[in-house]
Amino acid sequence: MMSPNLNHIKIVLVNPSHAGNIGAIARVMKNMGLSSLCLVNPKQFPDQQAIARSAGAHDILDNAVVVESLDEAISETRLVIGTSTRARRLSWPALDPENCASKVISASCEDSVAIIFGNERAGLTNEQLDKCQFFVTIPVDPAFSSLNLAAAVQIITYELRKAYLNFEQRVNDDDQESALASQLEIQGFFKHLEKVLVEIDFLNPATPKKLMRRLYRLFHRAQLEEKEVNILRGMLTSIEKVAGLNPQGARGKKRKQK
Ligand code: SAH
């Protein structure tokens with residue numbers, strides 16, 4: 001399975017006015033494991049204020065690429081995502097940060113991705129938004145929908161981090177042997193369970209359906225693994241033995257006399 005690559009994800013700031021924001025963004029990027037920062041026509045950069053606010057994420061600032069136009073920033077990029085407050089682009093379908101993150105993280109396995117943020121006051125122009133394949137809006141109170149630039153980057157990149165960790169977790173889970181039980185095994189267990197429940201007088205065979213159906217639901221919800229079905233079958237067999245019943249599992253063996 002392909003792995004997501006956070007180095008393939010570039011944060012692009014278009015015309016940032018406040019060097020302090022650039023520093024704060026370098027800091028959150030490093031917190032979230034991102035490294036690639038691109039600045040389109042920053043008002044002031046490099047800058048002491050940026051260094052101070054980066055709280056030690058100097059490498060992100062040192063490696064930041066400064067360009068003159070958005071086109072230059074994204075010319076090599078395969079997936080371009082624009083950020084905007086909902087008010088600006090009602091007619092365009094916007095992703096929420098979580099869906100945006102899973103799209104970006106999957107794409108990052110193979111392709112380069114850019115997420116574009118606008119100027120603190122003006123945001124992204126329509127012309128800049130036209131260059132984006134998708135839009136993401138952080139669902140804030142529509143009556144006050146504009147976040148501080150660094151806060152917006154923080155939220156978007158936190159979702160990227162979560163999606164990245166989820167992806168890694170899934171890969172690890174797949175690596176660990178945890179084969180789900182087959183339907184044959186599950187049905188065998190259900191039959192065995194029903195038989196034992198009848199035999200120990202827990203289930204009345206005259207009205208079996210509701211209880212069994214509830215139990216089916218319970219066990220299906222658990223997504224039983226092969227090993228777990230074996231444990232459950234083993235428990236049933238022990239119950240049968242202790243209760244002096246003919247264990248279903250002990251095929252052909254003689255009934256134990258107590
Ligand atoms: N008046 C501008 C606000 C710009 S805020 C506007 O309405 O667009 C600066 C940048 O922060 C935005 O360009 C965007 O990149 C990001 N941002 C702020 N609030 C956001 C939100 N609710 N959802 C997504 N991005 C947001």
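One-based numbering, in listed order, for ligands and for the atoms of each. Just so it is clear, the values below take in all heavy atoms, side chains as well, and ignore hydrogens, waters and symmetry mates.
Between Thr83 and ligand 1, an N or O atom pair is found at a separation short of 3.5 Å. Taking any N or O of Thr85, backbone or side chain, at least one lies under 3.5 Å from an N or O belonging to ligand 1. For ligand 1, the polar-atom distance check against Glu120 finds no nitrogen or oxygen pair separated by under 3.5 Å.
Annotation: Tyr216, atom OH; neighbour count of heavy atoms from other residues, nucleotides and ligands within 6.0 Å is above 12. Within 6.0 Å of CD on Glu98 lie no more than 12 heavy atoms contributed by other residues, nucleotides or ligands.
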Hey, mind stepping through Glu240 and His192 against side-chain hydrogen bond (donor to acceptor under 3.5 Å, both in side chains) and telling me if it holds?
CA-CA 10 Å; Glu240 289 174 309; His192 194 174; 2.9 Å; yes
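Under a 4.0 Å heavy-atom criterion, Asn119 is in contact with ligand 1.
Between Phe190 and His220, the ring planes lie perpendicular to each other; the angle is over 60°, past the 30° to 60° tilted range. The aromatic rings of Phe219 and Phe189 sit perpendicular, their planes meeting at an angle over 60°, well past the 30° parallel limit.
Remark: Glu110 does not engage Arg78 in a salt bridge, criterion side-chain N to carboxylate O under 4.0 Å. Using a cut-off of 4.0 Å between Lys/Arg side-chain N and Asp/Glu carboxylate O, Lys162 and Glu159 are scored as salt-bridged.
Atom 21 (C) of ligand 1 has its nearest heavy-atom neighbour, among Asn21, Ile138, Leu129, Ile116, in Ile138.
Side-chain contact between Ile156 and Ile81 is absent, with no heavy-atom pair separated by less than 4.5 Å.
Atoms of ligand 1 found under 4.0 Å from any heavy atom of Arg121 (numbered from 1 in listed order, with element): 1 (N), 2 (C). Using a 4.0 Å cut-off to heavy atoms of Val140, the atoms of ligand 1 that qualify are 22 (N). Here is the list of ligand 1 atoms found below 4.0 Å of a heavy atom in Gly118: 9 (C), 10 (C), 12 (C), 13 (O), 15 (O). Shown in contact with Val136 at under 4.0 Å from a heavy atom are these atoms of ligand 1, numbered in order with element: 24 (C). Those atoms of ligand 1 that come under 4.0 Å of a heavy atom in Phe117, given as number and element, are 15 (O).
For Pro139, no heavy-atom contact with ligand 1 is shorter than 4.0 Å.
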